[in-house]
Amino acid sequence: MTAKRPRSSFALTGRPAALPTAVALAALCLVQQTAAQTAAPAASAEPNQLDTVVVTGLRASLENALNKKRTSSGVVDVIRAEDLGKFPDTNLAESLQRVPGVAIDRDAGEGRQITVRGLGGGFTRTRINGLEAMASTGGSDASGGNNRGRTMDFNVFASELFNSITVRKTGQAEVDEGSLGATIDLTTGRPFDLKKGFTALASVKGTYNDLSGKSAPRATFLIADTFMDKKFGALFSAAYSKRNLFEEGFGTVRWDNGTSNGGWCPPQGATIATGTTLPSGSTATTCGPAAQGISRLPNTPENQAAYQTASSANNFHPRLPRYMRLVHEQERLGITSSFQAKPMDGTLVTLDYLYAKLDATRQENYLEAMPFSRALSSGGKPQVSVLAAEYHANGGLLYGKYNAVDMRSEQRFDKLYTIYKQPTLTVEHELSDTAKLTVLAGRSDSQFRNPIQTTTTLDAPNTNGYEIDFRTGSRTPLIKYGFDPAQVGGALTIVGVPAGATSIANGLPSEIRIRPNGTDNRTDTLTGSIAWEFADDMTLKAGASYKKYSFNTFESRRGTEVIFGAPAGTSVASLSTTITGIGKGQSLPAGTITGWAVPNLDAIASAYDIYCNCLKSGPANGPGDFTLTSITNGNARGSNFGIEEVDRGWYAQLDFKARLGDIPVRGDIGTRFVKTQVLSTGYLATGGGTKVSVPNTYSDMLPSANLTAELTRNWLLRAGVAQVMTRPNLGSMNPGGSISTTGQLNISNGNPLLQPFRAKTLDLGTEWYFAKNSMVGAGFFYKDISSFITSTTINLPFNQTGLPQSLLPSNFTGNEIFSVRSSFNTEGGKVKGLELNYQQPFTFLPSFGKNIGLLANYTFIKSKIKYATSATNNTPIQADLINMSPRSWNASLYYDDGTLMLRASVATRSKYLQAVPGATPSNDVDGKNGTRNVDFSASYKISKKFSVSLEAINLTNQANDLYTSSVRNSVVQNTVTGREVMVGARMDF
C-alpha cells in the first residue's frame with residue numbers, strides 16, 4: 001500500500017518539566033528532519049514520489065488514525081485497533097486517556113469514567129455505531145456507587161470488541177447535541193471493512209495480580225466472511241475476561257473539627273470547651289447517664305490540655321478511621337455481530353448487534369472506629385475521652401489516644417451485574433450520483449442490577465487505649481486498638497438490641513443493612529439525513545432525528561438496620577471469620593495489623609433469615625423486621641425516581657472546499673435545532689410517599705462552524721466555533737424530597753424545571769506534518785459556560801417550583817414563599833486550555849532505531865466556576881471545575897519492526913476537585929490527588945499467523961488517593977490494587 005501520514009491515535013499528555021527526555025528527543029528529531037529536507041530539496045519538491053511500504057500492527061494503527069485527524073474539518077483524535085480484536089489497551093477508558101485533553105477516573109484498578117478538557121463524563125456523549133449509548137454499573141461508595149447519572153461507564157465493555165475510537169472535540173451540526181466536552185464515537189467491526197474475505201482469529205491470555213495473588217483468563221474470538229462477490233457479509237466476535245483482585249489501604253470517609261457532634265467528654269471538673277456542651281445526663285464522674293459507666297478522666301494538666309486542644313474548631317480528626325480490604329471479582333462477556341448487504345447498486349444495509357454483560361461481586365471489609373462521627377444518642381463522640389492529642393500547624397491530626405471508643409468490623413457484600421444490548425440498523429442509499437440518503441434506527445438498553453447489597457457488623461463498645469498515629473505518614477497511619485481485633489469470639493461480637501426494645505440508649509448496636517437497587521437507561525433513536533453535492537466541493541447536508549430516552553432508578557431498604565442479639569442456640573463465634581494478609585508489599589508502618597475478625601455473611605443470613613422479606617420477631621420496623629420498603633421508606637425514597645426525555649431535532653450543514661488566494665481551505669458551517677420535552681417523576685415525603693410528575697420543555701438553536709486552512713502542504717491552521725448544550729444531571733431533576741407546610745415553609749428536592757448547561761466554544765489550532773507519519777500540533781480551546789447548575793437555598797413562591805398545587809393545604813393559594821433547597825441554574829464560568837501534541841516514528845535513526853517512535857501530549861486547563869457554599873450562605877465561591885485536572889500529560893515510546901513490538905506508556909494527571917464545598921461543611925473541598933500510571937506491552941510474531949504477548953499494567957502500583965480540604969489535604973481514602981501481568985497467544989486463521 002502507499003504509506004499515508006499517521007494521526008494521533010494514542011494521545012498523551014505531558015508537563016514539559018516532567019518530560020525532559022521526550023522533549024529533547026523530539027527537538028533532535030525535528031532538527032534532523034529539517035536538515036534532511038534541506039539537504040534533499042528535490043525529494044520535498046516531488047510529493048507524489050513516495051516509497052511503497054506495507055505497515056502493520058501498531059505503526060499501521062497510528063498511520064490510519066493520523067490520516068483521519070489530518071483530513072477532518074473539525075478537531076478530532078482517533079485511536080485505531082492494531083489489528084482485528086487487538087485494541088491497544090485492555091480497557092476503553094485507558095485507551096481514551098492517551099488522547100490529548102482526556103483523563104480517566106479508575107474504579108477497582110481499571111478505568112471507568114472519563115473527563116474531556118476538564119468537563120466530566122456527564123458533559124460527554126458517547127455513540128456506538130452512530131447510536132447514542134449510555135451504560136451504567138455500580139462501584140463502592142467512594143468510587144460513586146450506583147451510577148444514577150449521564151456518565152458512561154466504559155468498564156462495561158471489552159476493548160477487543162471495537163476497531164476505533166473517535167473523539168470529536170469541536171461541534172458540528174450533523175453530530176448529536178448534548179456535549180460540552182466531546183462526542184465519543186465507538187465503532188465495532190463490520191465484514192465489508194475487511195481486506196480479505198474469510199477472516200478468523202483467536203487469542204487467549206492469563207492475568208496475574210500481585211496483590212491478590214490470583215490469576216484469571218481473558219479470551220477473544222472473531223470470524224467473518226463475505227459472499228456473493230462481496231454483496232453480503234457477516235461478522236461475529238466475542239470477548240471474555242475475569243478479574244480477581246484486592247483493593248487495600250486506609251480511609252476516613254471524611255474529617256470533622258473538634259466541636260462537631262457535641263464535642264469530647266471533658267475531664268472531671270474541666271472547663272467545657274467553647275462550642276461544646278456537657279452531654280445530657282452526665283454526672284461529675286461520667287459522660288452521659290451514670291448507668292452506662294462511661295467514666296470521665298481525672299482532672300490532670302495533661303488531660304485538660306489534650307481535651308482543650310482536641311476541642312478546637314480549627315483542629316480536625318478523621319470521622320471514621322479504618323483499614324480496609326475490598327475483594328473484587330468480575331466476569332465480563334461481550335458479543336458483536338454485523339451483517340452487511342448490497343441488495344442493489346448504490347445501496348448498503350448494515351445490521352449491527354452489541355451485547356455486553358458485566359457480572360461482579362465485591363466484598364468490602366473495614367475495621368473502623370465509630371464514635372468520632374456520631375452524636376451521644378449513638379454512643380458517639382461526647383462519650384469519648386482524649387488522653388493525648390497532637391495536631392499539625394494546618395489543623396490536621398498527627399496523633400491521638402482515646403478511651404470509650406466503639407469499634408466495628410463492617411462487611412458489605414454486593415452482587416452486581418449490567419446487561420447492555422444494542423441493535424442498530426443503518427441503510428445508505430445513493431439517490432443519484434450526487435445525493436445520498438442515510439437512515440439509522442436502533443435502541444441502546446442498559447440494565448444495572450445490585451440485587452444483593454448487604455452489610456453486617458461486629459461491634460466492640462467502649463474500648464480503651466485506641467491510638468491513631470499519622471506521624472509515620474499522612475496517608476496510612478499506625479493504629480493500635482487496646483484489644484486483639486483478630487480474635488474470633490473476642491471483643492468484636494454481635495451487640496444486639498435487648499428483647500422488647502428497639503434501640504440501645506446512647507449506644508451503637510450491630511446492624512444488618514439490606515439495600516437492593518438498580519438503574520435502567522434506554523434510548524430509542526431514529527434519524528434520517530441527505531447529503532447532496534450540488535456543486536464541485538460543495539455538499540449540503542440536512543437531517544432530522546427523534547430520540548426517546550428513559551431513565552429509572554430504584555432502591556429498597558429495611559425500616560431499621562439494627563438487630564437483636566444472636567438467635568438462641570447460635571454462638572457468636574460461629575457468625576464470625578477472619579481475613580489475613582493485609583498490607584502485602586505496601587510498606588505499612590511497623591506494628592500495623594495484618595487481619596481482623598469479620599462477619600460471616602452466610603452464617604448470619606442463615607441464622608437470622610435476613611432475606612425472607614418478612615417480619616421475623618418483635619414490632620414492625622423493629623430489629624427483627626427484615627421487610628424491605630422503597631417509596632414509603634424515608635431513607636430509600638430519594639433513590640426512587642425516573643426521567644423521560646423526548647428530543648426532536650433537525651440540522652442543516654454545508655461542507656465546502658475552496659481557496660483563499662493560493663491557500664486551500666475546507667470546513668463546514670451549519671446549525672442544529674432541538675426541542676426537549678422532559679417528564680420527571682419522584683416521591684415526596686408527604687403521605688408516606690406521594691408520587692409527583694413534573695413536565696418541562698426547552699429548545700436550543702446550536703450553530704457551529706469549522707475551518708481548516710492548508711498554509712502549506714504540511715501545515716494546517718484550524719478554527720472552530722459552536723454553541724453547545726448538555727442536559728441537566730438526572731439526580732438534579734428529581735422532584736421527590738420533602739415538603740413542610742407548617743411552621744417554617746420549606747422544600748428540599750431536585751428541580752424538574754432546570755434548563756440545560758449551555759456554553760459558547762472557540763477552538764484555534766495548528767498542526768505541522770513535518771515528516772512521514774509525523775505531526776506536532778498545538779491547540780487552544782475556550783468555553784464560556786453561561787448556564788451552570790449548582791445546589792443552594794432560595795426563597796420562592798410555591799407556584800414557581802413546578803410542584804402541583806394539590807400538595808398544599810386547601811387554604812394555601814400557591815403564592816406562599818417557601819425556602820427551597822434544590823438545584824438551580826447559575827452563571828457558570830469560563831474554561832480555557834492548551835493542548836500540545838507530538839507524534840513521530842524515528843525512521844531517520846540507523847539500524848534498529850528506525851523502528852522506534854514516540855507519542856506525547858500535554859494539556860493545561862484553567863477554569864473558575866461559581867459554587868454555592870452552604871444552605872445558609874448564598875454567597876458563591878469560585879473554584880476549579882469538578883473533575884478537572886489543571887495539568888495532564890501522556891507519553892508512549894514504542895518499537896515496532898513488524899515482528900517485535902514493544903510499548904511503554906505513562907499517563908499522568910494532577911489533582912482535581914470532586915465536590916465544592918466538601919461533604920463535611922467545615923471542609924472547603926473534596927478531591928483526588930494526582931496519579932501517574934505506567935504500563936508496558938510486548939508482542940512477538942513467531943510466524944505470520946501466530947504471536948505471543950506480554951503486558952504489565954500499573955507497574956508502580958499507583959494509589960487511589962482521595963482527600964478533603966485544600967489547606968490540609970487530609971486523607972479520605974488511600975488504596976492500591978496491585979500490579980497486573982498478562983501473558984497471551986494469538987492465532988490468525
Side-chain angles (χ1 to χ4, degrees), residues 1-13 53-89 91-102 114 116 126-129 159-170 182-190 193-195 708 714 716 718 765 767-779 835-843 851-857 859 890-896 898 901 903 905 907 937:
M1 61 177 284
T2 301
K4 299 179 180 180
R5 299 187 183 275
R7 84 162 274 155
S8 166
S9 70
F10 307 172
L12 317 155
T13 41
V53 296
V54 176
V55 293
T56 60
L58 177 59
R59 288 190 299 160
S61 70
L62 295 175
E63 178 179 329
N64 293 334
L66 198 60
N67 282 336
K68 188 171 181 181
K69 179 180 182 69
R70 183 173 185 175
T71 58
S72 67
S73 295
V75 178
V76 302
D77 284 287
V78 180
I79 303 171
R80 294 280 193 181
E82 297 172 25
D83 206 340
L84 291 171
K86 192 179 179 184
F87 220 69
D89 294 275
N91 177 280
L92 288 176
E94 288 156 7
S95 286
L96 278 164
Q97 74 177 336
R98 311 201 186 283
V99 171
V102 177
I114 68 168
V116 182
T126 299
R127 304 190 299 186
I128 300 178
N129 294 329
S159 61
E160 294 92 340
L161 302 176
F162 299 90
N163 281 351
S164 71
I165 300 176
T166 301
V167 181
R168 304 180 185 276
K169 297 178 179 176
T170 54
T183 297
I184 311 295
D185 275 320
L186 308 177
T187 305
T188 60
R190 290 170 171 169
D193 295 337
L194 302 178
K195 298 176 183 178
T708 298
N714 297 317
L716 307 182
R718 297 189 188 273
E767 296 160 13
W768 177 31
Y769 296 85
F770 59 90
K772 184 178 178 180
N773 300 336
S774 304
M775 183 272 290
V776 61
E835 294 175 349
L836 304 176
N837 196 2
Y838 166 73
Q839 174 175 328
Q840 184 178 18
F842 303 150
T843 52
N851 299 313
I852 298 174
L854 176 68
L855 302 93
N857 63 55
T859 303
N890 190 298
S892 287
L893 184 68
Y894 68 87
Y895 174 92
D896 186 3
M901 191 282 290
R903 177 169 63 97
S905 299
S937 65

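Side chains included, hydrogens not; waters and symmetry mates left out as well; all remaining heavy atoms used. This is a predicted model, so every value here is computed, not measured. Numbering of residues begins at 1 and proceeds along the displayed sequence.
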Nearest heavy-atom neighbours spanning Ser905 and Ser892: OG-OG, 2.6 Å
Can you tell me which residue among Ile128, Ile79, Thr187 is in a side-chain contact (heavy atoms from CB on, under 4.5 Å) with Phe162? Ile128
Looking at Lys68, Lys169, Arg127, which hits salt bridge (charged side-chain N to carboxylate O under 4.0 Å, His left out) with Asp185? Arg127
N/O donor-acceptor pair under 3.5 Å between Thr708 side chain and Arg718 backbone: no
Test item: Thr859 side-chain N/O and Gly101 main-chain N/O as donor-acceptor pair under 3.5 Å: yes
Out of curiosity, Tyr838 OH to Phe770 CZ, how far, rounded to the nearest 0.5 Å? 5.0 Å
What is the distance from atom CG of Leu855 to atom CE of Met775, rounded to the nearest 0.5 Å? 9.0 Å
Rounded to the nearest 0.5 Å, what separates atom CG in Leu716 from atom CH2 in Trp768? 13.0 Å
May I ask you to test the Thr843-Lys772 pair for a side-chain heavy-atom distance under 4.5 Å? no
Does any part of the side chain of Ser937, heavy atoms only, come nearer than 4.5 Å to the side chain of Met901, both counted from C-beta? yes
Counting distance only, does the side-chain N/O of Asp77 pair as donor-acceptor with the main-chain N or O of Val99 below 3.5 Å? no
Just to verify, which of Thr126, Leu161, Ile184, Ile165 counts as forming a side-chain contact (heavy atoms from CB on, under 4.5 Å) with Leu92? Ile165
To the nearest 0.5 Å, tell me how far Asn163 CG sits from Arg190 CZ. 10.0 Å
For Glu835 and Pro100, the nearest pair of non-hydrogen atoms, with its separation, is OE2-O, 3.5 Å
I'd like to know if the side chain of Lys69 reaches the main chain of Val76, judged simply by a donor and an acceptor atom lying under 3.5 Å from each other, with no hydrogens or angles considered. yes
If we ignore hydrogens and angles and just use 3.5 Å, is the side chain of Ser72 paired with the main-chain N or O of Arg70 as donor and acceptor? no
Closest approach of Phe842 to Gln840 (non-hydrogen atoms, all atoms of both residues): CE2-O, 3.7 Å
Are the side chains of Thr166 and Arg168 in touch, meaning some heavy atoms are under 4.5 Å apart? yes
